[in-house]
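When a ligand or atom number is given, it counts from 1 through the structure's own listing order.
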Amino acid sequence: MNTLHKPKAVIVIFGATGDLAKRKLFPSIYKLYQNGKIDHDFAVVGVARRPWTNDVFRENVKQSVQNAVPCQEELDDFTSHFYYHPFDVTNPSSYHDLRSLLSDLDGQYGTEGNRIFYLAMAPEFFGTIANNLKSYGLKDTNGWTRLVIEKPFGHDLSSAKKLNEELRAAFEEEEIYRIDHYLGKEMVQNIEVIRFANAIFEHLWNNRFISNIQITSSEALGVEERAGYYDKSGALRDMVQNHMLQMVALLAMEPPIKLTTDEIRSEKIKALRSLRPLSVDEVSTYFVRGQYGRGKVNENDVLGYRDEVGHDSNTETYVAGKIMIDNYRWAGVPFYIRTGKRMKEKSTKIVVEFKDIPMNLYYKNDTDKHPNLLVIHIQPDEGITLHLNAKKVSASSIATPIKLSYNNNGIDGMNTPEAYEKLLHDCMLGDATNFTHWDEVALSWSYVDTISQAWENEKAAFPNYDAGTMGPDAADELLAKDGFHWWPISNDDK
Ligand code: BG6
């Protein structure tokens, strides 16, 4: 893919008055513009129910990007590319009017009929919109048309299938870009490079040398204003089905034979096909759920989840699990995952724990042992740390742990691009590698559905962890049963 090529397109954002557009999409489009990744031949059409005008919309866009813009002139120039179109998703005239606006903009901005339809709104309308876009001729252009879909992609396998069929009736698989924003994160994209561009890792990357892999994605925030959505979703659907399993797939996949979208996706799909399926009865052996009660986060008293949602909810705000991958490379190596709201801090990290060597003579006793660890820091810091053993200064024959660290932010001297910026750019260039293929979505749901089924059948003893902690004790026991423990996500978290 020639990244020097600057894509031209009209981006239509459904749900343009919403939070995602304001927090992520407008700033990302601005960054692409500022960094010269897109030129002047682009336009953005905001579509939503509210009866806004272009001016009101542009004012909104200005507010969301103004901190990053050096001068008023550039701000005005940038926002002049934005148009607003009040819309009723079920009304044919909304589509007719949008169609003529888009062809006017095609002419005005020279976008060659290229269109991105970005659905950043309530998922119940995804199918209707996709079908109407096709039926009312909005896909009939001389250029390409692509559909970007935000999560949630269904609620379980059967609803995801139904949604996918609706979308596929209007768009080809190659035209559908399912967002998993973790795949746009710099260090998530770096997993493959760290693995496949380093002999010292790839040769050891298997069950002979790795004892277990731990993936933690913790958040300090609670559910805030998203309680309505979250209470029906829970951490399993919100984080595990997508982001956590995507990271598992990237860590577990075989090297692709080429760096093409199809080859990479096919290796990820194979890894997901190797997840050991659980039966409903086995769920409690492999997975732990939690919900936060009151506690302290960053010295502040915070409410428990049930206080926030105002009822006796059975929704999990925390999940820890042990995932087994039944293939030649990974047989016997647990992949432990944990994620939750209102934990001690915001952090996403991967720890690869290596097995000890057979005759390690440099420890006085077992408690002194420090296994080699490769830590991949996804956020907030970005980098890698390798934990090694070296001689303790002036003590003969005694090993002491040392760390080699690489910090991405430090080296680049600037913040790495936002996930959304990269993903939008990829979509404009037609590169779907960092979007999830339908098969990945389907395999992830079928793995997760058994867990939801087990949990729906049984009421949990919630709350079972205090806000501001690393989760319920049962998550520690999950590893202790196998002789492991969670590696700290920061120096003082235990
Ligand atoms: C989203 C979830 O997909 O990811 C949110 O819906 C969660 O509940 C968010 O907070 C976490 O993303 P990040 O990039 O902040 O780790």
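- In this structure, a donor-acceptor pair under 3.5 Å is present between the side chains of S217 and T348.
- Note on residues 211-224: pairs passing salt bridge (charged side-chain N to carboxylate O under 4.0 Å, His left out), not counting sequence neighbours, are E219-K341, E219-K346.
- At least one cation-pi condition fails for R195 and F201: the charged atom is not both under 6.0 angstrom from the six-membered ring centre and inside a 45 degree cone around its axis.
- The list of ring pair (Phe, Tyr, Trp, His ring centres under 6.0 Å) pairs with a residue in residues 335-354, not counting sequence neighbours, reads W330-F335.
- Contacts of H377 classified as ring-ring contact (aromatic ring centres under 6.0 Å, His included), with partners at least two apart in sequence or in another chain: none.
- The contact shell of ligand 1, taken as protein residues with any non-hydrogen atom closer than 4.0 angstrom, comprises K151, H181, Y182, K185, E219, R226, D238, M239, H243, K341, K346, Q379.
- For the atom pair CD1 of I210 and CG of L374, the computed distance is 8.5 Å after rounding to the nearest 0.5 Å.
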